[in-house]
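Here the structure comes first, spelled out in structure tokens, and everything after it is commentary.
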Amino acid sequence: MEKNFYEQVFEVARLVPKGRVTSYGAIAKALGAGGSARMVGYAMSTAGLAQPSVPAHRVVNSSGLLTGKFHFSTPELMQQLLEQEGVVVVNDKIKNFKDIFWNPLDEL
DNA sequence: GGATTGACGTGTC
DNA sequence: AGACACGCCAATC
């Protein structure tokens, strides 16, 4: 552990390619945190304060639901950003989530 | 330094 | 299918 847990989370979150999404649990696992998926989400809450903007909109829960959209400037921002990248969002949930899901472990 | 918290995950009812 | 409960682990108060 040379970096803080937060920084590691931010790092992985920034690695998410455009038009793709990942889940908190996947990131946690990629960091070796395993079941500490909550920490990932918690870290993301500070992502807004992180200097290199973190694409938190590309990170959703395992169901592909935009759980953290309320933490953005505006709840609509998250969905808008995703749609901008070609991600289809329906009813606050990502369509074809499994299809566009980006696994950090696949890159790491 | 103990208790609380939390943008989660999985399993049950 | 929707709601509820418990578990995990680190940061913050």
Side-chain angles (χ1 to χ4, degrees):
Chain A
M1 294 274 282
E2 299 175 3
K3 293 182 167 197
N4 292 340
F5 204 89
Y6 282 24
E7 280 196 39
Q8 297 191 42
V9 174
F10 299 150
E11 241 186 279
V12 178
R14 276 182 287 227
L15 288 175
V16 180
K18 177 185 167 204
R20 293 287 185 82
V21 291
T22 189
S23 66
Y24 302 95
I27 295 176
K29 195 131 193 195
L31 297 178
S36 54
R38 318 186 98 178
M39 299 290 72
V40 178
Y42 195 53
M44 298 306 283
S45 71
T46 66
L49 310 176
Q51 262 326 315
S53 304
V54 180
H57 57 274
R58 296 186 191 148
V59 185
V60 296
N61 71 352
S62 63
S63 305
L65 251 163
L66 311 185
T67 50
K69 68 177 197 169
F70 284 103
H71 285 255
F72 283 80
S73 314
T74 60
E76 331 173 332
L77 183 62
M78 188 176 194
Q79 181 170 333
Q80 285 185 23
L81 289 170
L82 286 170
E83 290 183 335
Q84 278 180 39
E85 301 186 349
V87 179
V88 183
V89 179
V90 179
N91 200 0
D92 292 348
K93 145 172 156 283
I94 296 176
K95 194 174 167 99
N96 303 331
F97 170 64
K98 201 174 166 187
D99 190 51
I100 64 177
F101 178 74
W102 179 81
N103 192 336
L105 297 169
D106 192 45
E107 286 288 321
L108 306 176

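Residue numbers start from 1 in every chain, and the chains themselves are labelled A, B, ... in the order their sequence lines are given, proteins ahead of strands.
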Counting only pairs under 3.5 Å, give me each side-chain donor-acceptor contact of residues 56-70 of chain A, with atom names and distances, residues two or more places apart or in other chains.
{"residue": "His57(A)", "atom": "NE2", "partner": "Glu85(A)", "partner atom": "OE2", "Å": "3.1"}
{"residue": "Arg58(A)", "atom": "NE", "partner": "Glu85(A)", "partner atom": "OE1", "Å": "2.9"}
{"residue": "Arg58(A)", "atom": "NE", "partner": "Glu85(A)", "partner atom": "OE2", "Å": "3.1"}
{"residue": "Arg58(A)", "atom": "NH1", "partner": "Val16(A)", "partner atom": "O", "Å": "2.7"}
{"residue": "Arg58(A)", "atom": "NH2", "partner": "Glu85(A)", "partner atom": "OE2", "Å": "2.8"}
{"residue": "Asn61(A)", "atom": "OD1", "partner": "Ser63(A)", "partner atom": "N", "Å": "3.2"}
{"residue": "Asn61(A)", "atom": "OD1", "partner": "Gly64(A)", "partner atom": "N", "Å": "3.1"}
{"residue": "Asn61(A)", "atom": "OD1", "partner": "Leu65(A)", "partner atom": "N", "Å": "2.7"}
{"residue": "Lys69(A)", "atom": "NZ", "partner": "Asp92(A)", "partner atom": "OD1", "Å": "3.0"}
{"residue": "Lys69(A)", "atom": "NZ", "partner": "Asp92(A)", "partner atom": "OD2", "Å": "2.6"}

What is the distance from [atom1] of [X] to [atom2] of [N], rounded to the nearest Å?
X	N	atom1	atom2	answer
Leu82(A)	dA7(B)	CG	P	18 Å
Gln8(A)	dA11(C)	CD	C1'	14 Å
Lys93(A)	dA1(C)	NZ	C1'	13 Å

Which part of the nucleic acid does Ala43(A) contact within heavy-atom distance under 4.0 Å: base, sugar-phosphate only, or nothing? nothing
How would you label the contact of Phe72(A) with the nucleic acid (heavy atoms, under 4.0 Å): base, sugar-phosphate, or nothing?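 Base: the residue Phe72(A), judged by heavy atoms under 4.0 Å, touches a nucleobase.
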Got a donor-acceptor contact below 3.5 angstrom from the Thr46(A) side chain to the Leu49(A) backbone?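 Checking the backbone N and O of Leu49(A) against the side chain of Thr46(A), no donor-acceptor pair under 3.5 Å is found.
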Check for a donor-acceptor pair, side chain of Asn4(A) on one end and backbone N or O of Tyr6(A) on the other, with a separation under 3.5 Å. no
What string of B, S and - do you get for nucleotides 8-13 of chain B 5' to 3' if you count protein non-hydrogen atoms under 4.0 Å? BSS---
Tell me, do Phe101(A) and Thr22(A) make a side-chain contact under 4.5 Å, heavy atoms counted?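 Touching, per the 4.5 Å side-chain cut-off.
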Members sharing Val90(A)'s hydrophobic cluster (side chains within less than 4.5 Å): Val88(A)
Nearest 0.5 Å, please: how far is CZ in Arg20(A) from CG in Leu15(A)?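 Leu15(A) CG to Arg20(A) CZ: 13.5 Å, rounded to 0.5 Å.
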